[in-house]
Amino acid sequence: MIRPCNTIEKIYLSRDPVDFRKAINGLSLIVEETLCLDPFSSQLFVFTNKRRNKIKILVWDKTGFILWLKALDDAQFKWPLKDKKEVLSINGQQLNWLLDGIDIFSMKPHKTLHHSTVL
């Protein structure tokens with residue numbers, strides 16, 4: 001699986017769920033207007049949907065935006081509860097743990113699923 005580098009210093013998790021019909025332009029506007037951050041900063045911006053079973057990661061790579069999507073079949077990503085901050089900063093290792101299904105707040109993994117067909 002392609003994954004972000006563990007050495008990325010700052011990754012921003014948007015605490016509020018977003019409408020996953022939003023693509024690069026919509027997510028870039030959220031970064032700029034709601035999170036008050038620079039979408040062209042080459043930092044990663046991570047979003048989840050209301051059900052917390054999908055994650056989108058947005059990053060500017062000097063020539064354009066990249067948008068990653070990960071969807072879980074039968075689990076939810078453990079997401080920080082909303083508090084005063086709109087955004088939470090994590091590091092590359094924590095993001096990879098989150099993508100691997102580990103609750104980065106309690107260090108507990110999702111159960112492993114084994115499928116034999118997509119139908």
(message) Holding to side-chain hydrogen bond (donor to acceptor under 3.5 Å, both in side chains), I want the full list of residues that pass it with Arg51, two or more places apart in sequence or in another chain.
(response) none
Under 3.5 Å, which donor-acceptor pairs do the side chains of residues 57-65 form with other protein atoms, sequence neighbours left out?
residue, atom, partner, partner atom, Å
Asp61, OD1, Thr63, N, 3.3
Asp61, OD1, Thr63, OG1, 3.1
Asp61, OD1, Gly64, N, 3.2

(request) State the CG-CD1 distance between Leu88 and Ile90, to the nearest 0.5 angstrom. (result) 7.0 Å
(request) For residues Lys56 and Leu67, determine if any side-chain heavy atom of one lies less than 4.5 Å from a side-chain heavy atom of the other. (result) yes
(request) Taking ring-ring contact (aromatic ring centres under 6.0 Å, His included) as the test, write out the residues that go with Phe20, two or more places apart. (result) none
(request) Of all the heavy-atom pairs spanning Leu98 and Lys78, show the shortest one and how long it is. (result) CD1-O, 3.6 Å
(request) Please identify each residue that fulfils salt bridge (Lys or Arg N to Asp or Glu O under 4.0 Å) with Asp19, with sequence neighbours left out. (result) Arg21
(request) Taking Arg52 for its side chain and Phe77 for its backbone only, find out whether a donor-acceptor pair lies under 3.5 Å. (result) yes
(message) Could you check whether any side-chain N or O of Ser89 sits under 3.5 Å from a backbone N or O of Lys10, counting only pairs where one atom can act as donor and the other as acceptor?
(response) no
(message) Between Ile55 and Val46, does the side-chain contact (heavy atoms from CB on, under 4.5 Å) criterion hold? Intermediate values first, please.
(response) CA-CA 7 Å; Ile55 283 181; Val46 185; 3.5 Å; yes
(request) Verify the cluster assignment for Phe40 and Val87: are they in a single hydrophobic cluster under the rule of side-chain heavy atoms below 4.5 Å apart? (result) yes
(request) For the residue pair Gln43 and Leu37, establish whether any side-chain heavy-atom pair is separated by less than 4.5 Å. (result) no
(request) Would you kindly confirm whether Phe47 and Leu72 end up in one hydrophobic cluster when ILVMFWY residues are joined by side chain heavy atoms under 4.5 Å apart? (result) no
(request) Report the C-alpha distance between Leu95 and Leu44 in whole Å, list the side-chain angles of each, state the deciding distance to 0.1 Å, and finish with yes or no for side-chain contact (heavy atoms from CB on, under 4.5 Å). (result) CA-CA 10 Å; Leu95 175 60; Leu44 275 66; 3.7 Å; yes
(message) Phe45: which residues meet the ring-ring contact (aromatic ring centres under 6.0 Å, His included) condition with it, sequence neighbours left out?
(response) Tyr12
Anything under 3.5 Å between a donor and an acceptor, one on a side chain of residues 23-35, the other on a protein residue two or more places apart or in another chain? List them.
residue, atom, partner, partner atom, Å
Ser28, OG, Ile24, O, 2.7

(request) Report the distance from atom NZ of Lys70 to atom OG1 of Thr48, rounding to the nearest 0.5 Å. (result) 12.0 Å
(request) Would you check if there is a donor-acceptor pair between the side chains of Asn49 and Asn53 at a distance under 3.5 Å? (result) yes
